2 protein chains.
Amino acid sequence: MFININLESAEPIYIQLEHQIIEGIAKGKLSPGDPLPSVRSLASDIGINLHTVNKVYQLLKQGGYIVIHRQKGVVINPDGPPKADEEYKQNLIASIHPLIAASICRGMDEEAFLRICKEVFNEFTEEGEKK
Amino acid sequence: MFININLESAEPIYIQLEHQIIEGIAKGKLSPGDPLPSVRSLASDIGINLHTVNKVYQLLKQGGYIVIHRQKGVVINPDGPPKADEEYKQNLIASIHPLIAASICRGMDEEAFLRICKEVFNEFTEEGEKK
DNA sequence: TATCTGTTATAGTTAGAATATAACAGATAG
DNA sequence: CTATCTGTTATATTCTAACTATAACAGATA
């Protein structure tokens, strides 16, 4: 796997892991139908507890990113994650809100902020091409 | 004050308070030089502990949003917060990164994401006009 | 039968968040 | 001078989240 956990980070391990798997999907490193390691193997792989991995899998399942076949294993949702609905967008706005407020305070205008967003988008679409 | 804390939220009180003050600055409700309540009065105002308020003031001071005159009180930084530097932008990118990854997974394209950002920006610039 | 899967249960440690109470030093108003 | 305000520091406690550890269970598979 491409997982890289920073145990010193203030960001909880399970959040780091969740983000990296979601980013793996966004970049096309993980495609619908692809298998994910078992909770035990992934846990020993990155040197953490299996419960932490299980927690992440539950969150990803809840988010529609993965499907869990009880005794088969974990698979990236063959249908892909559900499309962004109104609830998702509201949460997204709530997350972006404080970032934009701080950026405005620090003298960034809309254009500068959007440029940064575009850069991040390019990072994903470019790496999607590579594969 | 315009502060509104949700004690039931999973988001820590001190984060909520910090965000709301920063948003107050971004919207022009708080202008450079404006005084902020003392840690004790604001704490009793919103029904929380003075140490929680003090923690927020320390964070805001560290971020350059406010200036603390030991026995006078707390004031919005007369020079305004420092401009966004490279470090700030890197942190901003790190914060936006997982949001964009999740949005891509959920079928949002760059245009849809930028539109939401623009909406949030309008919320600030519009309210800035009101004042 | 042995081994793998996710799942559940229980218990422990550690750290962060929030509160409570108290005290200190400098400034200010009476 | 005294009383009161300011931010600041210290100490202690409570509660929860995050993480780990060990064990067991049920279903599937080789």
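Predicted model, so just to flag it, every value in this text is computed and none were measured. A note on names: the letters A, B, ... follow the listed sequences, proteins ahead of strands, and every chain is numbered from 1.
Taking the side chain as every heavy atom from C-beta outward, A/Val67 and A/Asp79 never approach each other to under 4.5 Å. At least one side-chain heavy atom of B/Ile5 sits under 4.5 Å from a side-chain heavy atom of B/Leu7. Put simply, the side chain of B/Phe113 does not reach to within 4.5 Å of the side chain of A/Lys118, judged on heavy atoms. No side-chain heavy atom of B/Ile66 sits under 4.5 Å from any side-chain heavy atom of B/Asn77. A 4.5 Å side-chain heavy-atom check between A/Ile96 and A/Ile93 finds every atom pair outside the cut-off. Put simply, the side chain of B/Leu17 reaches to within 4.5 Å of the side chain of B/Ile46, judged on heavy atoms.
What separates CD1 of A/Ile68 from P of D/dA26 is a distance of 20 Å, to the nearest Å. As rounded to whole Å, 14 Å separates atom C1' of C/dA17 from atom CG of B/Leu17. With rounding to whole Å, A/Ile13 atom CD1 is found 13 Å from C/dA15 atom P. Protein atom OH of B/Tyr57 is 16 Å distant from nucleotide atom P of D/dT9, rounded to whole Å. One can place CG of B/Leu7 at 14 Å from P of D/dT16, the figure rounded to the nearest angstrom. One interatomic measurement links the two molecules: CG of A/Leu36 to C1' of C/dG6, which rounds to 14 Å at whole-angstrom precision. For the pair B/Glu18 CD and C/dA18 P, the interatomic distance rounds to 12 Å; values are reported in whole Å. If you take CG of A/Leu59 and C1' of D/dA17, they are 13 Å apart, rounded to a whole angstrom.
A donor and an acceptor atom sit less than 3.5 Å apart, one in the side chain of A/Arg40 and one in the base of C/dT7.
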Quick one, B/Glu23 with B/Lys29, criterion salt bridge (charged side-chain N to carboxylate O under 4.0 Å, His left out). Give me CA distance, side-chain angles, the key distance, then yes/no. CA-CA 8 Å; B/Glu23 290 181 8; B/Lys29 293 181 189 173; over 6 Å; no
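In the set D/dG7, D/dA18, C/dT7, the nucleotide with an atom closest to the side chain of B/Val39 is D/dG7.
OP1 or OP2 of D/dT8 sits under 4.0 Å from a side-chain N or O of B/Lys61. Close to C/dG6, at under 4.0 Å from its OP1 or OP2, lies no side-chain N or O of A/Gln58.
When ring centroids are compared, B/His97 and A/Phe124 come within the 6.0 Å threshold.
Interatomic distance, B/Glu18 CD to B/Gln58 CD, rounded to the nearest 0.5 Å: 12.0 Å.
Within residues 42-54 of chain A, the residues that place at least one heavy atom under 4.0 Å from DNA chain D are, in residue-number order, A/Ile48, A/Asn49, A/His51, A/Thr52.
Where pairing requires Watson-Crick or G-U contacts shorter than 3.5 Å, the helical stems of DNA chain C with at least three consecutive pairs are C:1-4 with D:27-30, C:6-24 with D:7-25, C:26-30 with D:1-5.
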